[in-house]
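Values below: every heavy atom of this structure, side chains too, minus hydrogens, waters and symmetry copies. Throughout, numbering of the chain's residues begins at 1 and tracks the sequence.
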Amino acid sequence: MNNTIYSENILQKKLPSIYYLFFIFPILIMIIIFYLDFTSYYNGNFVVKKNDYSYDLCFYITEEDLKYILTNDQFIFNDKKYRYWNIRISEENYLDDKNNIVKLVYLESNLENIYLIDNYMISTKIKKEKKKIIYYLIDIFKRRI
């Protein structure tokens with residue numbers, strides 16, 4: 001008889017809310033790591049250059065980052081997406097201020113007319129890749145090993 005009263009008290013006892021936090025917090029972390037996407041961007045400064053009949057965007061870029069330009073066709077400027085095409089890459093190599101070997105790239109784009117001023121510099125973002133957060137963590141661990 002005494003044992004049944006004791007078991008009923010345990011079953012009716014409420015857990016403190018801190019236990020729920022210890023249960024829910026790891027689940028939320030797992031959802032963030034496995035299901036949310038993260039997009040990384042290449043940030044660059046483009047210079048508007050006047051061509052014979054149009055305006056081009058020109059900039060220097062390393063050969064490793066050149067793949068992001070070639071695989072995309074959009075850049076973001078002032079939170080607006082613009083398209084680019086007709087990519088021309090110079091054959092010559094140049095050195096930047098950090099002694100990296102860079103190439104000069106020219107792009108034609110649909111940039112608005114108010115920004116088409118010769119030697120006008122714009123700061124843009126080009127999407128590198130969109131992956132799940134877990135894959136970024138795996139890449140970081142691989143680099144450290």
Show me the donor-acceptor pairs, under 3.5 Å and distance only, between side chains in residues 100-114 and residues at least two apart or in other chains.
| residue | atom | partner | partner atom | Å |
| --- | --- | --- | --- | --- |
| K103 | NZ | E91 | O | 3.4 |
| K103 | NZ | N93 | OD1 | 2.9 |
| E108 | OE1 | W85 | NE1 | 3.3 |
| E108 | OE2 | N86 | ND2 | 2.7 |
| S109 | OG | L111 | N | 3.4 |
| N110 | OD1 | R83 | N | 2.8 |
| E112 | OE2 | K80 | NZ | 2.3 |
| E112 | OE2 | Y82 | OH | 3.2 |

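- Interatomic distance, I126 CD1 to T71 OG1, rounded to the nearest 0.5 Å: 9.0 Å.
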**Asked** Passes side chain to side chain contact (heavy atoms under 4.5 Å, CB included), N119 versus I117? Steps please.
**Response** CA-CA 6 Å; N119 291 329; I117 302 168; over 6 Å; no

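- Summarising the hydrophobic clusters (Ile, Leu, Val, Met, Phe, Trp, Tyr; side-chain heavy atoms under 4.5 Å, direct or chained), the residues clustered with V47 are M121.
- Sorted by first and then second residue, the ring pair (Phe, Tyr, Trp, His ring centres under 6.0 Å) pairs with a member in residues 52-72 read F46-F59, Y60-Y94; sequence neighbours excluded.
- When side chains are defined from C-beta on, N72 counts as touching Y84, because their heavy atoms get closer than 4.5 Å.
- In this structure, Y41 belongs to a hydrophobic cluster whose other members, linked by side-chain heavy atoms under 4.5 Å apart, are I76.
- A donor-acceptor pair under 3.5 Å is absent between the side-chain atoms of N51 and the main chain of S54, judged by distance alone.
- Once rounded to the nearest 0.5 Å, the distance linking CD1 of I134 with CZ of F34 reads 4.5 Å.
- For residues 45-72, the set of pairs meeting the salt bridge (Lys or Arg N to Asp or Glu O under 4.0 Å) definition, not counting sequence neighbours, comprises D56-R88.
- Applying the side chain to side chain contact (heavy atoms under 4.5 Å, CB included) rule to I24 yields the partners L28; only residues at least two apart in sequence or on another chain are considered.
- F22 and I27 sit in two unconnected hydrophobic clusters of ILVMFWY residues. Membership requires side-chain heavy atoms under 4.5 Å apart, directly or through other members.
- Residues forming a side chain to side chain contact (heavy atoms under 4.5 Å, CB included) with L21 (at least two apart in sequence, or on another chain): I18.
- The line from NZ of K128 to OG of S40 is 5.5 Å long, rounded to the nearest 0.5 Å.
- Pairs of residues two or more places apart, or lying in two chains, never qualify as salt bridge (Lys or Arg N to Asp or Glu O under 4.0 Å) while including a residue from residues 20-33.
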**side chain to side chain contact (heavy atoms under 4.5 Å, CB included) evaluation trace for L57 with I122** = CA-CA 9 Å; L57 301 175; I122 60 174; 4.1 Å; yes

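- Listed by first then second residue, pairs satisfying ring pair (Phe, Tyr, Trp, His ring centres under 6.0 Å) with a partner in residues 114-145 read F38-Y136, F77-Y115, not counting sequence neighbours.
- Here the CD1 atom belonging to I138 is positioned 10.5 Å from the CD1 atom belonging to I140, to the nearest 0.5 angstrom.
- A search for salt bridge (Lys or Arg N to Asp or Glu O under 4.0 Å) contacts involving D37 returns K132, not counting sequence neighbours.
- The shortest distance between side-chain heavy atoms of T62 and L66 does not fall below 4.5 Å.
- Within the 4.5 Å cutoff, side-chain heavy atoms of I87 are placed close to those of I69.
- Sequence neighbours left out, the pairs with a member in residues 133-145 that pass salt bridge (Lys or Arg N to Asp or Glu O under 4.0 Å) are K131-D139.
- S123 is linked by a side-chain hydrogen bond (donor to acceptor under 3.5 Å, both in side chains) to N45, counting only residues two or more places apart in sequence or in another chain.
- No option in K125, K127, K81 other than K81 meets the side chain to side chain contact (heavy atoms under 4.5 Å, CB included) test with Q74.
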